[in-house]
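Within every chain, numbering begins at 1; the chains are lettered A, B, ... in the order of the sequence lines, protein sequences first and strands thereafter. Atom set for the values below is all heavy atoms of this structure, side chains included, hydrogens, waters and symmetry mates excluded.
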Amino acid sequence: MAYQKPYGMHDILPEEQPCWERARETFRVLCERYGFGRLDTPVLEQTAVFLKGVGEGTDIVDKEMYSFTDKGGDDLTLRPEFTAGVMRAYLEEGMRSRPQPVKLASIGPTFRRDRPGAGRYRQFHQVNAEIIGTEDAAADAELVAMAASFGAALGLGALRVLVNSTGCPACKPPYLAKLGAFLRGRRDRLSPLDRERVDRNPLRVLDSKEAETRAAIADVPLLRDDLCAACRGHFAEVRTLVARAGVEIEEAPLLVRGLDYYTRTVFEIESAAAPGAGTLLGGGRYDGLAEMLDGPRTPGAGFAGGIERMILALKAVERAPRAPRAPDVFVAYIGAAAKEAAFTLAEDLRRTGISAVFGLGDKGLKAQMKLADRTGAGLAVIVGEAELAEGKVQLRAMNASRQELAPLEGLPAALAARLAREAP
RNA sequence: GAGAGUGUAGCUCAGUUGGACAGAGCGCCAGGUUGUGGCCCUGGAGGCCGGGAGUUCAAAUCUCCUCACUCUCCCCA
């Protein structure tokens with residue numbers, strides 16, 4: 001093979017597109033229903049947007065970004081996530097002067113240079129929704145409910161919705177000090193990997209999957225018990241509202257997320273049926289993000305979902321994915337003299353709104369009919385020189401193997417009527 | 001970044017203790033019907049056996065390196 005796709009990236013072939021369209025369309029409908037406006041930001045941002053927004057010290061910034069200097073000397077980075085760029089746009093485009101909060105939804109490719117695995121790619125696609133400009137716990141609740149609805153509407157089956165609060169600048173630092181002291185006290189009982197994390201990123205030790213660590217920290221102090229009154233109340237309201245919305249949640253006191261900007265609510269949704277697919281959707285509140293980007297204090301919350309992962313989960317639940325849409329009509333012809341008339345007919349059909357595939361390739365009728373069969377078209381129009389002389393064509397119903405003569409004149413309109421009648 | 005496994009035609013895979021031109025099924029193309037698909041029959045195209053180096057009289061088969069994929073870990077979507 002001469003050339004290969006970049007490591008960890010993938011081609012999305014035509015037969016996979018129905019799943020993708022379903023994911024995109026489901027998200028679009030949901031955004032409309034929840035009142036989100038669509039925002040498209042550049043795939044590239046100034047590197048500083050992510051350095052400041054996502055945070056130095058996070059895995060994403062330290063080792064997973066695709067950064068480069070362009071020919072003009074600008075430091076640019078392929079977005080590893082949406083939120084920082086969306087906030088940058090919110091600030092730069094003056095969205096502070098719109099009615100608050102502003103609800104923004106995005107969808108597109110994101111890039112992280114980590115080790116590829118199942119449902120994990122270096123270029124992957126996310127859906128993203130942000131509510132910027134309010135601290136209201138109802139915003140958090142709405143996002144959790146929306147993320148869960150998205151999974152349900154896609155048909156992902158049973159989901160686990162994990163929710164936690166990571167506190168605020170008032171209650172988190174004291175807790176971190178307490179946690180650090182606790183962990184340092186039993187550093188020798190932690191796994192080697194977690195020993196290093198004690199100083200670098202103590203919160204991450206909490207959701208460690210290493211057995212020895214889990215055993216060692218069974219009685220670790222939880223932030224849940226040390227939240228300040230405001231955070232405690234906020235978290236309680238989020239849980240109540242989500243529950244009222246009929247979404248079942250699990251409190252996950254050990255859940256932390258790897259991005260610096262999270263405050264208060266964090267949540268993750270995974271498939272109960274396909275736990276191997278990893279986190280399907282995840283998000284939380286980021287009241288400090290705007291200030292990290294040198295903007296005025298602006299609260300916000302959001303979530304992102306990995307489309308590849310959701311499709312993976314979808315396939316685990318439903319094994320007969322929708323087939324790509326077949327054309328309505330295949331247009332075949334016999335003899336060079338009929339080619340022009342057939343080609344013109346195909347164009348006329350398309351202008352009438354009928355999907356038509358023309359028998360490309362100067363093939364014989366047999367080969368064209370075989371192609372017609374493979375495309376799945378329900379109807380074939382055969383333009384033959386003999387019939388053409390009388391202004392007629394053959395109209396063949398592929399499934400029924402029946403065919404009849406039909407006038408070429410007005411055929412598009414006649415077929416449109418016929419297809420409308422046969423449609424469910 | 002760490003560990004393990006896999007890599008033969010577009011796809012799914014055979015290929016015996018290293019031995020002569022590398023195979024099957026499906027798919028693709030063509031013919032069997034001057035102008036008709038699905039089933040059947042016949043034929044054809046398509047592989048430097050992931051790539052490179054080495055061992056050997058001889059390598060798809062053994063060794064090393066490299067690339068890609070899969071699965072854990074890490075991290076997350």
Exercise. For B:C73 and B:G46, measure between their C1' atoms and round to the nearest Å.
Key: 41 Å
Quiz item: Taking atom P of B:G37 as reference, at what distance in whole Å does atom CG of A:Leu395 sit?
Solution: 17 Å
Quiz item: Short question: side chain of A:Thr265, backbone of A:Gly284 - any donor-acceptor pair under 3.5 Å?
Solution: no
Quiz item: When the P atoms of B:A77 and B:C39 are considered, how many whole Å apart are they?
Solution: 47 Å
Quiz item: Who does B:U61 pair with, Watson-Crick or G-U, both distances under 3.5 Å?
Solution: none
Quiz item: Closest nucleotide of RNA chain B for A:Gly384 versus for A:Gly8: which of these residues is on the 5' side?
Solution: A:Gly384
Quiz item: What nucleic acid atoms does A:Ala386 come within less than 4.0 Å of, heavy atoms only: base, sugar-phosphate, or nothing?
Solution: base
Exercise. Indicate whether OP1 or OP2 belonging to B:G37 is found under 4.0 Å from a side-chain N or O atom of A:Lys366.
Key: yes
Practice problem: Round to a whole Å and report the spacing from CD of A:Glu81 to P of B:C76. | Solution: 12 Å
Practice problem: Would you mind classifying the nucleic acid contact of A:Gln403 as base, sugar-phosphate or nothing, using non-hydrogen atoms under 4.0 angstrom? | Solution: base
Self-check item: Nearest-neighbour nucleotide for the A:Arg115 side chain, B:A2, B:A77, B:U33 considered
Solution: B:A2
Practice problem: Figure out the CZ/C1' separation between A:Phe267 and B:C76, and round it to whole Å. | Solution: 14 Å
Self-check item: Pairing partner of B:A14 (Watson-Crick or G-U wobble, both distances under 3.5 Å)
Solution: none
Quiz item: Across all strands shown, which nucleotide pairs with B:C49 by Watson-Crick or G-U wobble geometry, both distances under 3.5 Å?
Solution: none
Self-check item: Geometric cation-pi criterion A:Arg239 and A:Phe235, 6.0 Å radius, 45° cone
Solution: yes
Quiz item: Mind checking the P distance from B:C48 to B:U61? Whole angstroms is fine.
Solution: 15 Å
Practice problem: May I ask you to verify whether the side chain of A:Gln368 and the base of B:U36 hold a donor-acceptor pair under 3.5 Å? | Solution: no
Self-check item: Pair assignment for B:C74, Watson-Crick or G-U wobble, requiring both distances under 3.5 Å
Solution: none
Quiz item: Under 3.5 Å, is there a donor-acceptor pair between the side chain of A:Glu347 and the main chain of A:Thr344?
Solution: no
Quiz prompt | G-U wobble or Watson-Crick pairing nucleotide for B:G44 (cut-off 3.5 Å, both distances) | solution = B:C28
Practice problem: May I have the distance from A:Met9 (atom CE) to B:C69 (atom P), rounded to whole angstrom? | Solution: 11 Å
Quiz item: Does A:Ser271 use its side chain to pair, donor to acceptor, with the backbone of A:Leu159 at less than 3.5 Å?
Solution: no
Exercise. Evaluate whether atom CZ of A:Phe182 has more than 12 neighbouring non-hydrogen atoms of other residues, nucleotides or ligands under 6.0 angstrom away.
Key: yes
Quiz item: A:Tyr7 on top of B:A68's base, within under 5.5 Å and under 30°?
Solution: no
Quiz item: Nearest to the side chain of A:Ser401 - B:G38, B:G35, B:U36?
Solution: B:G38
Exercise. Could you state the atom-to-atom distance from CZ of A:Phe330 to C1' of B:G38 in whole Å?
Key: 15 Å
Quiz prompt | Donor-acceptor under 3.5 Å (A:Glu409 side chain, A:Gly391 main chain) | solution = no
Quiz item: Given atom CG of A:Asn399 and atom C1' of B:C39, what is their separation to the nearest angstrom?
Solution: 16 Å
Exercise. Can you sort out the partners of A:Ser67 under side chain to side chain donor-acceptor pair (under 3.5 Å), two or more places apart, ordered by chain and number?
Key: A:Thr77
Quiz item: Base, sugar-phosphate, or nothing for A:Gly117, non-hydrogen atoms under 4.0 angstrom?
Solution: sugar-phosphate
Quiz item: Considering every strand shown, what is the Watson-Crick or G-U wobble mate of B:U36 when both distances are under 3.5 Å?
Solution: none
Quiz item: Is a side-chain N or O of A:Lys178 found less than 3.5 angstrom from the main chain of A:Pro221, in a donor-acceptor match?
Solution: no
Self-check item: Distance, C1' atom - from B:G54 to B:C41, rounded to whole angstrom
Solution: 49 Å
Exercise. Calculate the interatomic distance between A:Tyr121 atom OH and B:C69 atom C1'; express it in whole Å.
Key: 11 Å
Quiz item: Distance between the C1' atoms of B:G7 and B:G52, in whole angstroms?
Solution: 15 Å
Quiz item: What nucleic acid atoms does A:Leu281 come within less than 4.0 Å of, heavy atoms only: base, sugar-phosphate, or nothing?
Solution: sugar-phosphate
For nucleotides 25-29 of chain B, give me every protein contact, N/O to N/O, under 3.5 Å, one pair per line with atom names.
| residue | atom | partner | partner atom | Å |
| --- | --- | --- | --- | --- |
| B:C28 | OP1 | A:Arg374 | NH1 | 2.5 |
| B:C28 | OP2 | A:Arg374 | NH1 | 2.8 |

Quiz item: Rounded to whole angstrom units, what separation is found between the CD atom of A:Glu64 and the P atom of B:G1?
Solution: 12 Å
Practice problem: Determine the interplanar angle of the A:Tyr121 and A:His10 rings, folded into 0 to 90°, and report it as parallel if under 30°, tilted if 30 to 60°, perpendicular if over 60°. | Solution: parallel
Quiz item: Using the C1' atom in both, what is the distance from B:C40 to B:C49, to the nearest Å?
Solution: 33 Å
Practice problem: Take A:Val256 and A:Pro116, find for each the nucleotide of RNA chain B with the closest heavy atom, and name the residue whose nucleotide sits nearer the 5' end. | Solution: A:Pro116
Quiz prompt | Salt bridge A:Arg112-A:Asp114, side-chain N to carboxylate O under 4.0 Å | solution = no
Practice problem: For B:C69, give its Watson-Crick or G-U wobble partner with both distances under 3.5 Å, or none. | Solution: B:G5
Practice problem: Between B:U8 and B:G1, how far apart are the C1' atoms? Round to whole Å, please. | Solution: 32 Å
Quiz item: Roughly how far apart, to the nearest Å, are B:U42 and B:G25 at atom P?
Solution: 10 Å
